[in-house]
Amino acid sequence: MDDVLPTGFSNPVYDSATWVEIKRRYAQWAELHGYRYIETPVVESTGLFRRTAGETSDIVSKEMYTFEDAGGRSLSLRPEGSASVCRALVQHGLAASGTGLKFYYTAPMFRAERPQRGRYRQHTQLGLEVFKETDPSADAEVIAVLYGFFRRLGLGQLTVHINSVGSPACRPAYRDILVAYLREHMGQLSEDSQRRVDVNPMRVLDSKDPRDQEIVAGAPVMIDHLDEECREHFDGVKAALGALGIPFVINPRLVRGLDYYTKTAFEVTCDSLDGAIKVIGGGGRYDGLVEQIGGPSTAAVGFGSGIERVILALESQNIRLAKPRSAHAAVLYFDEGAKLEAFALAARLRETGVETDFPYRSRGVSKQLQAAVKSGVRFALIVGGEEGERGEVVVKDLLNRTQEAVPKDRVLEMLQQS
RNA sequence: GCGGAUGUAGCUCAGGUGGUUAGAGCACCGGAUUGUGGAUCCGGGGGUCGGGGGUUCAAGUCCCCUCAUCCGCCCCA
């Protein structure tokens with residue numbers, strides 16, 4: 001009887017209005033920047049994520065919901081969005097269809113972790129991806145869309161962190177230098193980090209363990225070992241962000257949880273939240289991913305942002321995006337004989353664009369009114385009775401506590417105007 | 001995967017040292033009101049006490065196991 005995949009919802013009425021509003025504003029904002037909506041499957045072959053996110057990444061190695069279908073194929077619920085979009089791009093030959101391929105999505109992601117505040121087994125990400133653009137301004141635009149979106153929601157205390165994680169051309173050399181440094185201090189590292197030195201040494205850089213941080217503080221960083229191409233790209237991103245007036249900090253120890261990133265990596269934190277859930281959005285460039293899954297070499301950059309965390313951020317700053325909706329009118333009836341007439345009137349109101357409630361259950365007018373008042377409706381229309389025989393409908397303004405009998409043929413007009 | 005806390009009505013919770021048919025507030029339903037408002041009063045429906053096992057004449061209460069959720073860690077959005 002419990003949720004298998006808790007989503008972090010606690011107050012459906014408040015949350016649902018906020019939820020819808022965030023998705024609506026995100027779609028609008030993304031489309032304003034030339035992105036088109038893309039919908040990809042919730043399940044993919046397990047191999048897709050293994051190849052792209054990296055065997056050694058935590059997400060793939062221990063956080064995927066993996067199962068076999070009836071035909072014996074290994075499938076996984078998607079833990080992140082980029083791999084699916086890239087797969088769709090390759091499968092449908094979209095990469096060949098010109099420049100400026102820009103997609104956005106709002107989609108549930110699944111990770112088999114221990115649920116807690118701001119971290120759920122099913123969460124929904126707002127995301128987008130740009131393909132075939134190598135220019136640093138594309139990276140900057142992606143960051144600008146994410147940051148600008150948060151700002152337009154009214155969020156403050158935001159910090160944009162950026163870094164470059166290099167490319168396959170320069171990262172291996174840096175990696176050797178880093179590993180050599182870490183080995184010198186092996187004994188002082190935490191057990192987790194000792195293990196990471198072999199598996200994924202760059203992860204040691206963002207360890208929160210105080211023992212590690214002391215060592216990490218003196219460690220060589222990628223941005224000091226970038227090759228010329230990566231260096232220029234990183235400078236270009238910084239310049240473009242500057243031109244847009246987006247404040248950022250360079251965090252040389254920023255590392256992302258997925259292995260496919262190249263060059264730019266970034267996160268946006270909301271500092272009114274605590275700990276790891278401060279990160280309300282993150283992304284970067286992944287020029288090698290499309291080729292890795294069998295497509296043509298294709299540049300790509302994108303981000304993902306968890307709606308649940310965005311809502312937590314909004315709550316932490318007491319920002320309300322939307323009030324719970326309530327209908328504008330409710331059509332009630334004095335007697336059972338007028339019920340279907342009332343039902344039909346409610347339908348006509350809805351057709352003319354008036355949000356309307358109708359009580360299905362037959363109850364006394366007193367109870368119908370009580371329910372209407374409680375639901376927050378502005379107008380109550382009461383059909384039937386003496387007024388009905390005279391060709392009128394009682395229209396009550398529940399806010400101003402006034403009422404009048406209105407000829408039936410004027411009711412629609414009157415409600416539309418109010 | 002590790003650590004801590006918590007599971008009793010739809011919700012929030014109460015149920016000293018075991019002891020009748022397990023309670024309250026809110027919510028819901030009905031009535032007072034044969035046709036009119038958020039209040040009030042009266043009444044009502046609702047429970048595998050997370051699940052399983054054990055101890056006992058007797059378990060919501062004690063013991064063991066298990067599951068789930070919440071919080072923290074790891075990691076992530």
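Naming: A, B, ... by sequence-line order, numbering from 1 per chain.
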**Asked** Donor-acceptor pair under 3.5 Å: do we get one between A:E387's side chain and the base of B:G35?
**Response** yes

**Request:** First locate atom CZ of A:F303, then atom OG of A:S82, and finally report the distance between them rounded to the nearest 0.5 Å.
**Result:** 10.5 Å

**Prompt:** Are the ring centres of A:Y105 and A:Y37 closer than 6.0 Å?
**Reply:** no

**Prompt:** Are A:Q116 and B:C71 close enough that a side-chain N or O sits under 4.0 Å from OP1 or OP2?
**Reply:** no

**Item:** Heavy-atom pair of closest approach, residues A:V199 and A:R175
**Value:** O-NH2, 4.2 Å

**Item:** Pair of N/O donor and acceptor under 3.5 Å linking B:U36 base with A:Q403 side chain
**Value:** yes

**Message:** Taking only side-chain N and O atoms of A:Q370, does any of them lie within less than 4.0 angstrom of OP1 or OP2 on B:G37?
**Reply:** no

**Prompt:** Has A:R361 got a side-chain N or O lying under 4.0 Å from the OP1 or OP2 atom of B:C29?
**Reply:** yes

**Prompt:** Given the rule in the salt bridge (Lys or Arg N to Asp or Glu O under 4.0 Å) test, do A:K278 and A:E267 qualify, once you have shown the distances and angles that lead to the verdict?
**Reply:** CA-CA 10 Å; A:K278 286 168 94 107; A:E267 289 180 351; over 6 Å; no

**Prompt:** Reckon A:R363 has a side-chain N or O less than 4.0 Å from the OP1 or OP2 of B:G30?
**Reply:** yes

**Message:** Measuring only the P atom in each nucleotide, how far is B:G60 from B:U55? A whole number of Å is fine.
**Reply:** 16 Å

**Prompt:** If you look at every strand shown and take non-hydrogen atoms under 4.0 Å, does A:R203 touch a base, only sugar-phosphate, or nothing?
**Reply:** sugar-phosphate

**Asked** Roughly how far apart, to the nearest Å, are B:G18 and B:U61 at atom C1'?
**Response** 6 Å

**Asked** Reckon A:R117 has a side-chain N or O less than 4.0 Å from the OP1 or OP2 of B:A77?
**Response** no

**Request:** Ignoring backbone atoms, establish whether A:R256 has a side-chain N or O less than 4.0 Å from OP1 or OP2 of B:A77.
**Result:** yes

**Message:** Side-chain N or O of A:K374 versus OP1/OP2 of B:C28: is the shortest distance under 4.0 Å?
**Reply:** yes

